[in-house]
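Everything below concerns the one structure shown next.
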Protein chains: 2
Amino acid sequence: MLTNSEENYIKEIYSLEQKHQTDVNTNLLAEKIETKASSVTDMLKKLAKKDLLIYQKYKGAKLNTKGEKVALAVVRKHRLWETFLVEKLNFSWDEVHEIAEQLEHIQSEKLTNELDAFLNFPKVDPHGDPIPDVNGNFATIKTVCLSKLNIDDEGVFVEVKDDSDKFLKYLTKNNITIGAKIKVVDKEDFDNSIKIEIDKKQFNISENVIKNLYLKI
Amino acid sequence: MLTNSEENYIKEIYSLEQKHQTDVNTNLLAEKIETKASSVTDMLKKLAKKDLLIYQKYKGAKLNTKGEKVALAVVRKHRLWETFLVEKLNFSWDEVHEIAEQLEHIQSEKLTNELDAFLNFPKVDPHGDPIPDVNGNFATIKTVCLSKLNIDDEGVFVEVKDDSDKFLKYLTKNNITIGAKIKVVDKEDFDNSIKIEIDKKQFNISENVIKNLYLKI
DNA sequence: ATAAATTTTTAGATAAGTCTAAATTAAAAA
DNA sequence: TTTTTAATTTAGACTTATCTAAAAATTTAT
C-alpha cells in the first residue's frame, strides 16, 4: 500500500517520462511536485527500495514495470473521476482537477471499475486525455499540435495539454472547447502567434496557447 | 483545514456523544479509533487548542458547536457516498463502509452538494441512518429497537446500528433487509433471544442481533 | 584540461501522529 | 478514610515527509 505522497511522485515521474522520453531528474521533479530537491532525493531512494523505479545517484529515475502499473492506475482513477464530475455532477472542465487530485488516491479496485462501467467506459476525459482501461491500456488517438498546422489547414480540437483552471477558463471564454473546428487563417513569424477561425469568428492566439492545443485532422 | 485523522476523531466523538449522552472518555475513544489512550490525549489537546471541543484533564471531551458542525459535515459525506455506491455503482450494503471512510474526507463543498442533488437529496443511507442536509439538519424518524417489542408486535425494519460487514452479511443471509416486515413470534427470557417471522418464515435471533435492529411501528 | 557553475546528495532539524513505559489522578473497595 | 485498582496523562522515542545548509558530483565554459 502506497501513501498519497508516493503515488503523487510516481504519477509525476510517469508524466515527465512521457513528455521528455528520458530519465527524470531531481530538480524538474521537485518543481512539479512543488517541493525541494532534497525531498525528492529521499523519496526516490524510498521508491527504489520499494522496487517501483530505478534510481541512480546523480542520474535520475525511471519507473520499472511495477511503478508504471501504479502510475497508470492513478491516472485511470484521476481521469475517470474528472469524467464523472463533468458528466454527472455538472462541473465544468476547469473545476475538476483539484478534486480529482484527491479522489485519485481512493483505494478500491471495485470502485474504480464500477465507476468506469457507470460512465460507459469512456475513452477520454473532459480534457481529451486518454483513460487507461482496467489493464492499463489506452488507445492513442493520433493528434497533431496546432503549432504544426499551416495556413488554411483545419482540424477538430480534441485534447488540451495544460489542465490548469486558468488556462481552461481562458479557452472557454474564447469558445475554444473540445470538439471545436479550428482553422488556421494566418501565422505571424515574429512571435509565432497565429490567427484562427472558430464558428466563423477569427481571433489571434499566442504561442503559449498554441502549443497546448491538439487537433484531429 | 483538518487532517483525516482529526476528522476521524471528531466523527467518533460525535457518535459516542449521541450514543451515551455524556462526555467522551479517553479509553473508549481509543478503542473505537483503534489507537492508544496516550494518542487520544494528545489529539484531544490539539482539537481543544483548535477550538473544536472542550477538553478537561481526566474528565473527557465534548464537542462545541464548531466541532459538531465538522462532525455533521463528515457524517453527511460518509452517508451520501454510501448511498451513491449502493444506488449507482451496484455495491451491497456490506461493502460500502470502508470506501466511504476514505471518501468522507474529500474536501469540496460543491462536490458534496452536487452529489446530494444527483442522488435526489436522500433522507437516509443504505443502513437507514439519517443523512444531514447542507445545514447539518436531519429528520429523526421515530424508530423503536426490536428489543422493545412484545410477542405479536410487528414493524418495518428501517435502520441498523452496527454497520460492520460481518453483521450486515449475516442479516442479508437471513433475509433481514431494510424494508422487511418483522413480527415477534416468541421471546425467551433466559437468554433474551426471540423468534421472529419475515415473509412467513420464522427463525430465532440472539440478543446481540436484536439490539442493533430498529423498526418503524 | 582545469575552473566555474549547476545539479544533486547528505546531514541534521522539524511537525504530525503514533507508540511504550512510567507517573499521576480519580474511582472503587476495604 | 485509607488502600487498591483503574483510568488518564506525561515523557521520551519512532516514522513519514518535509525543510535548510553544507558537501559532493556532474556539467559547462574557458
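So that the names make sense, note that chain A is the first sequence line, chain B the second, and so on, each numbered from 1.
Put simply, CD on A/Glu7 is 16 Å from C1' on D/dT16, counting in whole angstrom units. Summarising the geometry, the separation between CG on B/Asp42 and P on D/dT9 is reported as 10 Å, rounded to the nearest angstrom. Between A/Ile33 atom CD1 and D/dT16 atom C1' the separation is 15 Å, expressed in whole Å.
For A/Tyr9 and D/dT18, the shortest distance from a side-chain N or O to OP1 or OP2 is below 4.0 Å. Regarding contacts with the backbone of C/dT7, every side-chain N or O of A/Asn25 stays at 4.0 angstrom or more from both OP1 and OP2. B/Tyr55 has no side-chain polar atom (N or O) that falls below the 4.0 Å cut-off from OP1 or OP2 of D/dT8. Taking 4.0 angstrom as the limit, B/Lys57 places a side-chain polar atom (N or O) nearer than this to OP1 or OP2 of D/dT10. Within the structure, every side-chain polar atom (N or O) of A/Ser5 is placed at least 4.0 Å from both OP1 and OP2 of D/dT16. Between B/Asn27 and the phosphate of D/dA6, there is no side-chain N or O to OP1/OP2 separation shorter than 4.0 Å.
Backbone-only contact: A/Lys45 has heavy atoms under 4.0 Å from sugar-phosphate atoms and none from a base.
Remark: A/Lys88 qualifies as a cation-pi partner of A/Phe118 under the 6.0 Å distance and 45° angle criteria applied to the six-membered ring. Stacking of B/Lys123 on the aromatic ring of B/Phe138 is not recorded, the 6.0 Å distance cut-off and the 45° axial limit not both being met. Relative to the six-membered ring of A/Phe91, B/Lys110 meets both conditions, a distance below 6.0 Å and an angle of at most 45° to the axis.
Side-chain polar atoms of A/Arg76 and A/Asn135 form no donor-acceptor pair below 3.5 angstrom.
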Short N/O separations, protein against nucleotides 20-22 of chain C, under 3.5 angstrom:
| residue | atom | partner | partner atom | Å |
| --- | --- | --- | --- | --- |
| C/dT20 | OP2 | B/Lys36 | NZ | 3.1 |
| C/dT20 | O4 | B/Ser38 | OG | 3.0 |

Would A/His97 and A/His78 satisfy ring-ring contact (aromatic ring centres under 6.0 Å, His included), going step by step from the backbone distance to the final call? CA-CA 8 Å; A/His97 188 76; A/His78 184 103; 5.0 Å; yes

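The side chain of B/Thr35 approaches C/dT18 more closely than any other nucleotide in the set D/dT18, C/dT25, C/dT18. For B/Thr3, taking side-chain heavy atoms from C-beta onward, the closest of the listed nucleotides D/dT9, C/dA16, C/dT8 is C/dA16.
Between A/Trp81 and B/Phe84, the ring planes are tilted. Angles from 30° to 60° get that label.
The shortest distance between side-chain heavy atoms of B/Leu80 and B/Asp116 falls below 4.5 Å.
In this structure, A/Tyr58 and A/Glu6 both approach DNA chain D, and ranking their closest nucleotides by distance from the 5' end singles out A/Glu6.
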